[in-house]
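Given the structure is predicted, the values throughout are model-derived calculations rather than measurements. By convention here, the first residue in the shown sequence is residue 1.
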Amino acid sequence: MAEAHYKLDNLTVILDHNGMQIDGTNDQVMSLGDIKAKFVAFGYDVIEVADGNDLQQVLDALHAPACPGKPRMIIMHTLKGKGVSFMEGQVGWHGKAPNAEQAAQALKELED
């Protein structure tokens with residue numbers, strides 16, 4: 001609320017919204033409800049990025065004209081582990097690192 005109260009229109013907050021928590025999906029563990037509506041209620045100018053894994057969509061949101069007197073929230077809908085076959089969409093990778101073999105495979109897949 002402070003950001004909107006003080007009209008911090010030079011502030012941009014980015015939310016990586018992949019729909020997952022450490023123990024499961026948001027809806028299974030604790031639903032987040034309507035995130036956009038919550039930030040609008042707190043006085044933010046909210047932009048939703050349909051594919052937060054698409055760099056052009058992210059850049060477009062970052063370069064969108066500012067809303068005078070309002071902080072900005074960019075909600076990026078992403079796919080956890082995008083581009084790595086064994087990580088993509090998998091909750092289990094939320095809080096653990098790959099071993100050396102997995103890391104090598106992930107890097108190879110991301111370079112292709």
Side-chain angles (χ1 to χ4, degrees):
M1 291 187 303
E3 294 88 0
H5 174 79
Y6 291 109
K7 300 181 180 354
L8 299 182
D9 54 10
N10 63 343
L11 175 69
T12 298
V13 179
I14 298 173
L15 174 66
D16 176 3
H17 184 46
N18 60 36
M20 297 185 174
Q21 297 179 33
I22 199 162
D23 293 331
T25 66
N26 290 342
D27 289 337
Q28 292 169 329
V29 178
M30 184 178 297
S31 178
L32 301 175
D34 188 342
I35 294 171
K36 179 178 181 178
K38 290 176 183 181
F39 279 92
V40 167
F42 277 105
Y44 275 77
D45 172 37
V46 179
I47 296 175
E48 288 196 77
V49 177
D51 182 357
N53 295 106
D54 179 333
L55 186 56
Q56 189 58 57
Q57 288 185 38
V58 173
L59 290 171
D60 290 346
L62 288 168
H63 290 103
C67 186
K70 288 188 172 191
R72 170 162 292 160
M73 165 62 75
I74 300 175
I75 301 171
M76 297 191 310
H77 298 278
T78 61
L79 177 59
K80 180 180 244 0
K82 174 75 173 167
V84 179
S85 62
F86 61 92
M87 290 181 172
E88 199 167 290
Q90 299 298 311
V91 175
W93 288 99
H94 188 86
K96 71 177 183 180
N99 62 34
E101 181 181 318
Q102 292 167 326
Q105 179 183 343
L107 289 171
K108 184 177 185 309
E109 290 182 20
L110 291 171
E111 289 173 355
D112 291 340

Can a donor-acceptor pair be found, under 3.5 Å and without considering hydrogens, that links the side chain of [X] to the backbone of [Y]?
X: Gln57; Y: Val49; answer: no
X: Asp45; Y: Lys70; answer: no
X: Gln21; Y: Met30; answer: yes
X: Gln102; Y: Asn99; answer: yes

Euclidean distance, [Y] [atom2] relative to [X] [atom1], rounded to 0.5 Å:
X: Asn18; Y: Thr25; atom1: CG; atom2: OG1; value: 10.5 Å
X: Asn53; Y: Leu79; atom1: CG; atom2: CG; value: 6.0 Å
X: Lys80; Y: Asp16; atom1: NZ; atom2: CG; value: 7.5 Å
X: Ile75; Y: Leu15; atom1: CD1; atom2: CG; value: 6.0 Å

ring-ring contact (aromatic ring centres under 6.0 Å, His included) filter on Phe86, not counting sequence neighbours, yields Trp93

The ring-ring contact (aromatic ring centres under 6.0 Å, His included) partners of His77 (sequence neighbours excluded) come to His17

Sequence neighbours excluded, the answer for side-chain contact (heavy atoms from CB on, under 4.5 Å) partners of Leu8 is Glu3, Tyr6, Asn10, Leu11

Residues at least two apart in sequence or cross-chain that pass side-chain contact (heavy atoms from CB on, under 4.5 Å) with Asp9, listed by chain then number, are none

For Met20 and His94 the tightest heavy-atom approach is O-CE1, 4.4 Å

Q) Transitively linked via ILVMFWY side-chain contacts under 4.5 Å: Met73 with Ile14? A) no

Under 3.5 Å, sequence neighbours excluded: what are the donor-acceptor pairs made by side chains of residues 35-42?
from, atom 1, to, atom 2, distance (Å)
Lys38, NZ, Leu32, O, 2.6

Flag side-chain contact, heavy atom, 4.5 Å: Pro98 against Gln105: no

List the atom pairs, donor and acceptor, that lie under 3.5 Å between side-chain atoms in residues 61-69 and the rest of the protein, sequence neighbours left out.
from, atom 1, to, atom 2, distance (Å)
His63, ND1, Leu59, O, 2.8

